[in-house]
Number of protein chains: 2
Amino acid sequence: MDEVFRKIGSKLTLSQKIERRIEAAIREKKLPVGSKLPTERELCESFGVSRTALREALRRLSARGLIEITKGSGMTVTGLKIDDAIQNLNLYYDMQFDHNLIAQIIEVRRLFEPEIASLAAKQRTQNDLSDIQDNIEAFKACNPDNIQMEADLDNKFHLLIAKATHNPIVQISMEPIYSLLPRMRNLIYANVEGEKDITLEYHLKIFDVINKQKSDEAAELMKVHLHRTMDIYQKYLHNSY
Amino acid sequence: MDEVFRKIGSKLTLSQKIERRIEAAIREKKLPVGSKLPTERELCESFGVSRTALREALRRLSARGLIEITKGSGMTVTGLKIDDAIQNLNLYYDMQFDHNLIAQIIEVRRLFEPEIASLAAKQRTQNDLSDIQDNIEAFKACNPDNIQMEADLDNKFHLLIAKATHNPIVQISMEPIYSLLPRMRNLIYANVEGEKDITLEYHLKIFDVINKQKSDEAAELMKVHLHRTMDIYQKYLHNSY
DNA sequence: ATTTGTAATACGTAGGACATTTAAACGAAT
DNA sequence: ATTCGTTTAAATGTCCTACGTATTACAAAT
């Protein structure tokens, strides 16, 4: 029997064990969102650990967005917010940002966004429509020299369409991708004469069919729109090597 | 102007400031992946803070997967792994798991997976094909009483197709979604007689067209396959209320 | 050459002390 | 009665010292 020599050391530090215990309790809703945790001293007592170890566990949890610690007041369980959930995903993409990733992003957008536009055409509310319209107006009025803002508004147009699906998973899936776009746009946008007008034209067309709830046409227009985007990118990529 | 009354206090604790400083350095690759950080004592000296504050910052970073701390050895910068990146996303979905979310997941799958199958048909390698084939064989051989394994294998089939696109963003986008499926399947799968054979049939068909690189047909088949899944699901939802 | 012992290094945990912030209770002025 | 300032208790933030424990490298013994 090798059973005799099986692992003894758990490898987990004390503070990691504490972290997991509390995380599990939150997952299982034994600690419901919004509830206050006992004070540090009380928790030390309960767990039978030093304040140091306990605090390091709490720092871990707050870094991940599971709890919120307020000096002088106490600690509360916070429902993980979207931003917390995608924070590390953003960082992940960010750290492997290269030209290869750019190509992959474009590919994903061409896969997903036509379908998203199609669903948006079905689900959009009046609220969504006015948001999109506002965005288009802002884009139209944007100073052509302000490339940063122009790119941001273009970016937001696509995000608003994702929102108009009223499916939060769609939004969460696309958000990290869109968050990378501004950095790409800056590289490219500047050098293409007349690109703004063409972009505007497509945005208007897409808005129109989403307004009229023509889902198939929305998908088709988005497909063509992104195809153009890709062309420009490839031209850029080609020139820069 | 509300500008007058904007926040003044930075509100950041010392350990949070330290966390951000180090995180920024990692982002900007001043601390490249794989490099060792100075020891705790040295960092205390550099930052001019106590060991407590510093350590709490380090705990935060390690909780998020940016650094790895080994007792007795030291600390190294680790490239954020995919699992770390989607860890909190999984938790996020997990905590708002309800029937509403299930419907949203199915909607997203119906939006994205046909396109994914289409791309997979173009990009798949021999390796992908044999992985998928192995999965289908395992599914075929799976004991019908083992519903858990059956569901897992079904799940993995779709994940393998996402992998076959050779676009990591596709994979990262879908992985959190698939991780929720097993829990749904368990609710549903058990009660449907003969479902396994039909699933198997579709998997075989899809494999065939991906093998032959017929991308349009792959998308179409996947669409029909998921349509069935939704039907079953809706039947279940209907019965249970 | 392999194994074992030993010391140096670095992170992990404990416990105490004090600072700072928050929130609640209280009281005084309008 | 409302508002504003003060006090006070409670909670987290930071610092410090000390010791525990795992890792590594190197020397010594076989």
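Below, chains carry the letters A, B, ... as their sequence lines are ordered, and counting in each starts from 1.
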**Item:** Residue pair A:Asn135 / A:His203, side-chain donor-acceptor N/O under 3.5 Å
**Value:** no

**Message:** A quick test of your reading: do over 12 heavy atoms of other residues, nucleotides or ligands sit less than 6.0 Å from CE of A:Met230?
**Reply:** yes

**Asked** Going by atom types alone, do A:Asp152 and A:Gln148 pair a side-chain donor with an acceptor below 3.5 Å?
**Response** yes

**Request:** Tell me yes or no: between the side chains of A:Asn167 and B:Glu107, is some donor less than 3.5 Å from an acceptor?
**Result:** yes

**Message:** If we count only N and O atoms by modelled type, under 3.5 Å, do the side chains of B:His166 and B:Arg124 hold a donor and an acceptor together?
**Reply:** no

**Prompt:** Minimum heavy-atom separation for A:Pro32 to A:Ser35, with atom names?
**Reply:** O-OG, 2.7 Å

**Request:** Would you mind reading off the distance between B:Glu19 atom CD and D:dT14 atom C1', rounded to a whole angstrom?
**Result:** 17 Å

**Fill in**
Contact string for nucleotides 5-13 of chain C, one letter per nucleotide 5' to 3', B = base within protein heavy-atom range under 4.0 Å, S = sugar-phosphate only, - = neither, reads -----BBBB

**Message:** Output the rounded distance in Å from CZ (B:Phe47) to C1' (D:dC15).
**Reply:** 17 Å

Polar atom pairs between nucleotides 5-8 of chain D and protein, under 3.5 Å, N or O only, would you list them?
none

**Single hit among B:Arg20, B:Glu19, B:Glu23, B:Arg55 for side-chain contact (heavy atoms from CB on, under 4.5 Å) with B:Arg60** = B:Glu19

**A:Glu68 CD to D:dA11 C1', straight-line distance once rounded to whole Å** = 15 Å

**Prompt:** Between the side chains of B:Gln16 and B:Thr13, does any donor sit under 3.5 Å from an acceptor?
**Reply:** yes

**Item:** Nearest-Å distance for atom pair CG/P, residues A:Leu58 and D:dA11
**Value:** 14 Å

